[in-house]
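Notes follow once the structure below has been shown.
So you know, we letter chains A, B, ... as the sequences are listed, proteins then strands, and number each from 1. Values in this document were obtained by computation on a predicted structure and should not be read as measured data.
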Number of protein chains: 2
Amino acid sequence: MSSITEVARLAGVSVATASRVVSAADYPVSAATRERVLDAARELDYVPNALARGLLTRRVPVVGVIVHDITDPYFSEVVRGVEDAASPTGHLVITCSSERDPDRERSYVRLLRSMRAAVVIFAGSGLADPDLEAELARHLGAMRAEGAAVVHLSPHAGGEPEVGVDNAAGIATMVAALAELGHRRIAFLAGPRSLHVARARLAGYRAGLEAAGLEADERLVVSTSFDREGGALAVDELLAAHAGATAIACANDLLALGAMTRLREHGVRVPDDVSVAGFDDISVAAITAPSLSTVRLPLRELGAHGWSFAERLLRGDAPARETLPTTLVMRGSTAAPPTAPGGLR
Amino acid sequence: MSSITEVARLAGVSVATASRVVSAADYPVSAATRERVLDAARELDYVPNALARGLLTRRVPVVGVIVHDITDPYFSEVVRGVEDAASPTGHLVITCSSERDPDRERSYVRLLRSMRAAVVIFAGSGLADPDLEAELARHLGAMRAEGAAVVHLSPHAGGEPEVGVDNAAGIATMVAALAELGHRRIAFLAGPRSLHVARARLAGYRAGLEAAGLEADERLVVSTSFDREGGALAVDELLAAHAGATAIACANDLLALGAMTRLREHGVRVPDDVSVAGFDDISVAAITAPSLSTVRLPLRELGAHGWSFAERLLRGDAPARETLPTTLVMRGSTAAPPTAPGGLR
DNA sequence: GGCGCCATAGTAAACCTTTGCTGTCCGGCT
DNA sequence: AGCCGGACAGCAAAGGTTTACTATGGCGCC
């Protein structure tokens, strides 16, 4: 593979000049010389060595994205957003599926550091592990000191993310929409109490209730795991409590899907007897029967904003924290409450 | 960030010795010296510079995976397979969503080359574009000459992939299963004629028909785009043709999903009136109502095998081409044909 | 005509590691 | 006692690029 030395030799100039031409430095080079160098580069099929360049600039045009699992549509959307934003500037995206395993996360960050990645974006941070925290903090500190940018995206265990999503407001608009349809008793499937996101969404539910002038009833709030299984269990619990809900808002689409399945098993019709609403708008939501009313998270934008935040960091700016808005998506799983006194009893 | 020079200084040895310790070369170093170097490295939080190392070894522990779109579950599974296989050896995975755009693909390969990536895996190759082909061939040739490994996975426009999936056999087993259920008129939604995969699957359909002793009828084969929209359109076409199919096999789960939706809109029940079968087993397939009978592709394995193929290539072996088997997954969207003369008319 | 400045071009150091080759020391063998 | 070889350590080059600094030449201006 040809190096810049060979390009310079073929063009009959010094390597310095050749370098200035091919790397488009703002250094004066006469048009004739430039042309000769470009010709030589073309002829030799010259591709600059990013390693040598990175060795000097202490940074390689690569952005690492730490996700839980690239297979999860949530994360692949975010990664795609990063990629779309980063690739026009010649940056490559490295995906790191940590599986929330501290060891994997640790080793990924170490690898990224050894590679002198310009940017690290945390899209799904690991669970709290003091040991990991410490090592991570050390690595991240060192990387920042080296000039790399580190950005945290929305669900971030260790505090406020640099770029977030307004979970609370999102849920609140859904609650408002349900109230608008005429629902007075709106249940909420909250997901695990331990997760930061879940807590934010629960807060949004409460705020939405208050804004709509509805009474809060703790019997209407059920905490379970963040998956379909949890949604099904929560429905059982709601039925057992005879809480009389006419609508069920969920902290998560998977919860909503699980709830719908279980409701069907109990012979409860959606949305005729009970309305169900999700959160996230994963791609399945549009194709279930009935299709799921939900709140769309701007996942691609989240990734893109994460990149642009990092880019500004790289330039030495101190960008302001951002919060991205969600959008309401009303589909077939919600309707006005039944006129006859109904709901889950 | 500390370099090996500082480690050596702190340990009171030469850089050569320090290097031999930290890079675990099989070179004799006394136990005491080794210990001192290791201590120094730990104290300084030394992380080797992969760029400097790569500059020397002409290769950096990175594998680029070219996909159509990381957001497509098909590709994210493959990428995950590569990642799981590659990361234990300290390799990082770069995802490149080319969107089947020759320009993007070109620029990704160029970037990967400039980075001296050790491996490039094509998981979803671009459409035929003579211009791209030429430039790609040049890049790939150069990379191979440099010692990098290049591997093509199953859907490969430019010929036989190094690691493939037996598409034809997969469809054939599905056709056999439908025939077994009693179906005699099995339609096939074939996807675009231009795609190599689509053609392979169509061939499988024909082979399956023949093996089951069923008559081929060209009115039962519909070519559309490879998405839900295409599935819906194909159903319209099938209905218009009054072909009287009792089962619809699809070259793709998305086609099947689109077909099911449109069938519902026409008041046709699945599987009571018509059976529908997909191909790929994307994750949604299990949670639609009814759940989709389909053929599972070993996507993760495909990625993992791609990596191991590349690894052997890197070691200088000449591994043999591989073809991975598919598995039949029968769920709720298929059943015996209606006893009363039914089907799509 | 001489001086200095501008426009270019070149020199060489630096980035960090690996590794072939060259020491050095010591123990053991003849 | 002399020699040899083994075990370990160090020197220095090489890998490809960028960039601060230096050199060259031509031209304008007084």
Side-chain angles (χ1 to χ4, degrees), chain A residues 1-38 40-41 44-61 90 113-118 142 145-148, chain B residues 1-38 40-41 44-61 90 111 113-118 142 146-148:
Chain A
M1 182 169 285
S2 52
S3 74
I4 198 156
T5 315
E6 298 169 45
V7 173
R9 181 145 22 109
L10 182 59
V13 300
S14 72
V15 280
T17 304
S19 166
R20 292 197 259 253
V21 171
V22 300
S23 63
D26 52 349
Y27 193 91
V29 174
S30 73
T33 310
R34 149 164 287 116
E35 202 48 49
R36 254 184 311 140
V37 172
L38 257 19
L44 261 30
D45 187 24
Y46 170 70
V47 176
N49 187 324
L51 303 183
R53 189 177 278 178
L55 192 55
L56 229 32
T57 61
R58 323 177 73 79
R59 187 176 309 150
V60 91
R113 186 178 163 200
S114 89
M115 196 93 124
R116 267 56 175 175
E146 264 286 298
Chain B
M1 182 168 285
S2 50
S3 72
I4 198 156
T5 314
E6 299 168 45
V7 173
R9 180 146 21 109
L10 181 60
V13 300
S14 72
V15 280
T17 303
S19 166
R20 292 198 259 253
V21 171
V22 300
S23 63
D26 53 348
Y27 192 91
V29 174
S30 72
T33 311
R34 151 164 287 118
E35 203 46 50
R36 256 185 308 144
V37 173
L38 256 19
L44 260 31
D45 187 25
Y46 170 70
V47 176
N49 187 322
L51 303 183
R53 191 176 275 180
L55 192 54
L56 234 30
T57 62
R58 323 177 73 79
R59 186 177 309 152
V60 92
L111 242 31
R113 186 179 163 199
S114 88
M115 195 92 121
R116 267 54 174 177
E146 266 285 299

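- Below the 3.5 angstrom threshold, one finds no donor paired with an acceptor across the side chain of Arg116(B) and the base of dG15(D).
- Ion pairing of Asp45(B) with Arg113(A) is present here, as a side-chain N (NZ or NE/NH1/NH2) and a carboxylate O approach within less than 4.0 Å.
- Between Ser14(A) and the phosphate of dG10(C), there is a side-chain N or O to OP1/OP2 separation shorter than 4.0 Å.
- For the pair Pro48(A) and Val13(B), both in contact range of DNA chain D, the more 5′-proximal nearest nucleotide belongs to Val13(B).
- Residue Ser23(A) is in sugar-phosphate contact alone, with no base atom involved, counting any heavy-atom pair closer than 4.0 Å across all strands shown.
- Atom CD1 of Ile4(B) is separated from atom C1' of dT19(C) by 12 Å (rounded to the nearest Å).
- Contacts between residues 27-37 of chain B and DNA chain D, counted as heavy-atom distances below 4.0 Å, involve Tyr27(B), Pro28(B), Val29(B), Ser30(B), Thr33(B).
- OP1 or OP2 of dC16(C) has not a single side-chain nitrogen or oxygen of Thr5(B) nearer than 4.0 Å.
- When the C1' atom of dT17(D) is taken as reference, atom CG of Leu56(A) falls 6 Å away, rounded to whole Å.
- Counting any heavy atom pair closer than 4.0 Å across all strands shown, Ser3(A) reaches sugar-phosphate atoms only and no base atom.
- Within the 4.0 Å cut-off from OP1 or OP2 of dA9(D), not a single side-chain nitrogen or oxygen of Thr17(B) is found.
- When heavy atoms are screened at a 4.0 angstrom cut-off, Arg58(B) is found touching the sugar-phosphate backbone but no base atom.
- The interatomic distance linking Leu55(A) (CG) with dA14(D) (C1') rounds to 13 Å, in whole Å.
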